[in-house]
Amino acid sequence: MYGLALIAIIAVMGGAIAYIGDKLGTKVGKKKLSIFGLRPKHTSIIVTIVTGILISAATLGLMTAVSWDVRTALFGMEELKAQLVFLNGEVDSKTQELELSRAELETKTAEYTAVSTKVKETVDQLNRSKAELNEVTSERDKASAALAVLQTDYAAARRDLIAYQQNIKSLQATKQELDDRVAGLTTKIDELNTAKTELQSDLDHLNEVATNLKQGLQIAKEGTVVFRTGEVLSTIVVEGGKGPEDTAGALGEAIYKTNAMLLDKLNVADKKLEILWIARSDFEQASALIAQTNQEVIVRISAVGNTVYGEPVIGRLELFPNHLIYRKDETVYREVVTMSGEPHQAEETVMAFLQQVNMAAVKKGILPDPIQGTVGSMSGSELFETINKVGRHRGKIELSAVTEQDTYTVGPIRIEIGIKSVP
C-alpha cells in the first residue's frame with residue numbers, strides 16, 4: 001500500500017516538474033533571454049533542463065529527508081542485501097541446530113527407554129529379594145518351631161527314662177521269677193530258656209538306653225558352661241567399601257575360622273562340625289553395613305547366651321568403627337602419688353594406677369572386653385617388676401603410662417610404665 005502511494009506521489013511530481021519546466025522555458029523564450037552568449041532558443045532549453053534537474057533533486061532530497069524507506073532504497077540497498085545473506089546463513093545454522101537437537105532428542109528418548117527398562121528390572125529384582133527374605137524368615141520360624149519340638153522331645157525322653165527304669169525293675173523281677181520256675185519245671189526248660197534269652201536281650205537293651213539317657217540328663221542338668229553370655233569368641237578387622245561378594249566372603253571366612261577355633265578349644269574330633277550358629281539375617285545385615293562404609297570395621301563375634309558343653313554356640317555379630325586412638329609413645333595417663341613405704345602400698349598403688357589407665361583408654365575409645373571390662377593385659381613378671389620399682393621409692397613420684405605402638409579401637413593397648421621422682 002505504501003509503494004502505491006509513493007508511485008502516485010512521484011507521478012504527480014513528475015507531471016508538475018514537466019509543467020513548471022515547460023512554462024519556465026516558454027517564459028524565458030518569450031523574453032528572449034540569453035546566457036553564456038547562447039541564442040534565446042537554446043537558452044530556454046537549458047533553463048528548462050536545469051529547472052527540471054533542480055526540481056527533481058529537491059523532490060528526491062525532500063522525500064529522502066521525510067521517508068526512511070526512501071533513504072533505505074537509495075543508500076541502504078547493499079546493507080539490506082548483506083543482512084539478507086547473513087539472515088539466510090543464520091536460518092541455515094538454526095536449521096542444522098534443529099536437526100542436531102532432534103537427533104539428541106531421539107538419543108535421550110532411547111536412553112530414557114533403557115533407564116526405564118533398568119528400573120523395571122531393578123524393581124523385579126527387589127521383589128525377588130523380598131520373596132527370598134520372606135522365605136528365610138519362614139525358615140527361621142520353622143527352625144524355632146523345630147527347637148520347640150526338640151525341647152518337647154527332651155521332656156518326653158526324660159519321662160521315658162523313668163518309665164524304662166520302672167520296666168527294668170519289673171523285668172528283673174520277672175527274670176528272677178522265671179529263674180525260680182526253671183528249677184521246678186524241667187518239662188519247660190527249653191521254652192523258658194528261650195524266653196529268658198529274649199528277656200535278657202531286652203533287659204540289656206533297656207539298660208543301655210537307660211545309661212544313655214542318664215548321661216544325657218546329667219549333662220543337661222549339671223553341664224559345664226563353656227561360654228558365658230556376651231563372651232567374645234573372636235575379633236577381626238574387615239576392610240570396608242568393597243563389593244558385597246568380597247565382604248560376605250571375608251565375613252564368612254572369619255566365621256569359619258571362629259568355628260574351627262571353638263572345635264579346637266572344646267577338643268571336638270569332627271573338624272567339619274558346625275557348632276557356631278549365626279542368623280543369616282544378622283550375617284546379611286552386617287555384610288551390607290560393612291560394604292557401605294569406607295573404613296575399617298571391627299567385627300566382634302560373641303555368645304548370645306550361656307552355652308553348656310554339647311550344645312551349639314549361638315553367636316551374634318557386633319560392628320564397631322576402627323580408628324587410630326593412640327600413636328606410639330603417646331601418654332595414656334599420668335598420676336603423682338606419695339609413697340610412705342608401708343607394706344603393700346606399692347602393689348595397691350600400681351593396681352589402682354592400672355585401673356585408671358584402663359578407664360582412660362576406654363573413655364578415649366579403646367574397645368573393652370565385655371566380660372572383664374579390660375582393654376589390655378600385663379604379664380606377671382612385668383607387673384612384679386613394676387611393683388618392685390615403685391616400692392623402692394619414697395616421697396612423691398610420677399607414674400605415666402606410654403603406648404609402645406600405634407593403638408586402634410580394636411586394641412589391645414600395650415603400655416610401658418614410667419616412674420620418676422617429683423620434687
Answer yes or no: is there a side-chain heavy-atom contact under 4.5 Å between [X] and [Y]?
{"X": "Thr307", "Y": "Ile314", "answer": "no"}
{"X": "Phe320", "Y": "Val410", "answer": "no"}
{"X": "Gln345", "Y": "Met339", "answer": "yes"}
{"X": "His323", "Y": "Tyr408", "answer": "no"}
{"X": "Leu317", "Y": "Ile278", "answer": "yes"}
{"X": "Arg102", "Y": "Glu99", "answer": "yes"}
{"X": "Val337", "Y": "Glu335", "answer": "yes"}
{"X": "Ile298", "Y": "Leu319", "answer": "no"}

More than 12 heavy atoms of other residues, nucleotides or ligands under 6.0 Å from [atom1] of [X]: is that the case?
{"X": "Lys389", "atom1": "NZ", "answer": "no"}
{"X": "Arg316", "atom1": "CZ", "answer": "yes"}
{"X": "Glu274", "atom1": "CD", "answer": "no"}
{"X": "Glu330", "atom1": "CD", "answer": "yes"}
{"X": "Met261", "atom1": "CE", "answer": "yes"}
{"X": "Glu245", "atom1": "CD", "answer": "no"}

If you measure from [atom1] on [X] to [atom2] on [Y], what distance do you get to the nearest 0.5 Å?
{"X": "Trp277", "Y": "Asp282", "atom1": "CH2", "atom2": "CG", "value": "15.0 Å"}
{"X": "Thr258", "Y": "Leu233", "atom1": "OG1", "atom2": "CG", "value": "7.0 Å"}
{"X": "Glu231", "Y": "Asp369", "atom1": "CD", "atom2": "CG", "value": "8.0 Å"}
{"X": "Leu367", "Y": "Ile413", "atom1": "CG", "atom2": "CD1", "value": "13.0 Å"}
{"X": "Thr349", "Y": "Leu399", "atom1": "OG1", "atom2": "CG", "value": "7.5 Å"}
{"X": "Arg280", "Y": "Leu133", "atom1": "CZ", "atom2": "CG", "value": "12.0 Å"}

Report yes or no: does [X] contribute a side-chain atom to a donor-acceptor pair with the main-chain N or O of [Y] at less than 3.5 Å?
{"X": "Asn134", "Y": "Lys130", "value": "yes"}
{"X": "Glu90", "Y": "Leu87", "value": "no"}
{"X": "Thr407", "Y": "Gln405", "value": "yes"}
{"X": "Asn306", "Y": "Thr229", "value": "yes"}
{"X": "Ser302", "Y": "Gly230", "value": "no"}
{"X": "Thr403", "Y": "Asp329", "value": "yes"}
{"X": "Ser93", "Y": "Gly89", "value": "no"}
{"X": "Asn322", "Y": "Val297", "value": "no"}
{"X": "Asn259", "Y": "Leu276", "value": "yes"}
{"X": "Thr338", "Y": "Lys396", "value": "no"}

Between [Y] and [X], is there a salt bridge with N-O shorter than 4.0 Å?
{"X": "Lys108", "Y": "Glu104", "answer": "no"}
{"X": "Lys328", "Y": "Glu404", "answer": "no"}
{"X": "Arg414", "Y": "Glu382", "answer": "yes"}

### Query
Does the side chain of Asn358 pick up a donor-acceptor pair with the side chain of Thr374 at under 3.5 Å?
no
### Task
Check step by step if salt bridge (charged side-chain N to carboxylate O under 4.0 Å, His left out) holds for Lys142 and Glu139.
CA-CA 5 Å; Lys142 291 180 180 179; Glu139 292 179 357; over 6 Å; no
### Query
How about Phe353 and Tyr333: are their ring centres within less than 6.0 Å of each other?
yes
If you look at every heavy atom in [X] and [Y], which pair is closest and at what distance?
{"X": "Thr247", "Y": "Ser287", "value": "CG2-O, 3.5 Å"}
{"X": "Ala401", "Y": "Val357", "value": "CB-CG2, 3.7 Å"}
{"X": "Gly252", "Y": "Phe283", "value": "N-CE1, 3.7 Å"}
{"X": "Gly241", "Y": "Asn294", "value": "CA-OD1, 3.9 Å"}
{"X": "Ser421", "Y": "His393", "value": "OG-CD2, 3.6 Å"}

### Message
Walk me through whether Val390 and Ile419 qualify under side chain to side chain contact (heavy atoms under 4.5 Å, CB included).
### Response
CA-CA 7 Å; Val390 173; Ile419 305 170; 3.5 Å; yes
### Query
For Leu126 and Thr122, what are the C-alpha separation, side-chain angles and deciding distance, and is it a side chain to side chain contact (heavy atoms under 4.5 Å, CB included)?
CA-CA 6 Å; Leu126 179 60; Thr122 304; 5.6 Å; no
### Message
Please evaluate residues Thr117 and Glu121 with respect to the criterion side chain to side chain contact (heavy atoms under 4.5 Å, CB included), reporting the C-alpha separation (whole Å), side-chain torsions for both, the decisive distance (0.1 Å), and the verdict.
### Response
CA-CA 6 Å; Thr117 304; Glu121 293 176 355; 3.9 Å; yes
#### Entry: Worked verdict on Leu354 versus Ile415 for side chain to side chain contact (heavy atoms under 4.5 Å, CB included)
CA-CA 10 Å; Leu354 291 177; Ile415 61 172; 4.3 Å; yes
### Task
Kindly write out the residues that satisfy salt bridge (charged side-chain N to carboxylate O under 4.0 Å, His left out) with Arg394, not counting sequence neighbours, or none if the list is empty.
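If we apply the salt bridge (charged side-chain N to carboxylate O under 4.0 Å, His left out) test to Arg394, skipping adjacent residues, there are no hits.
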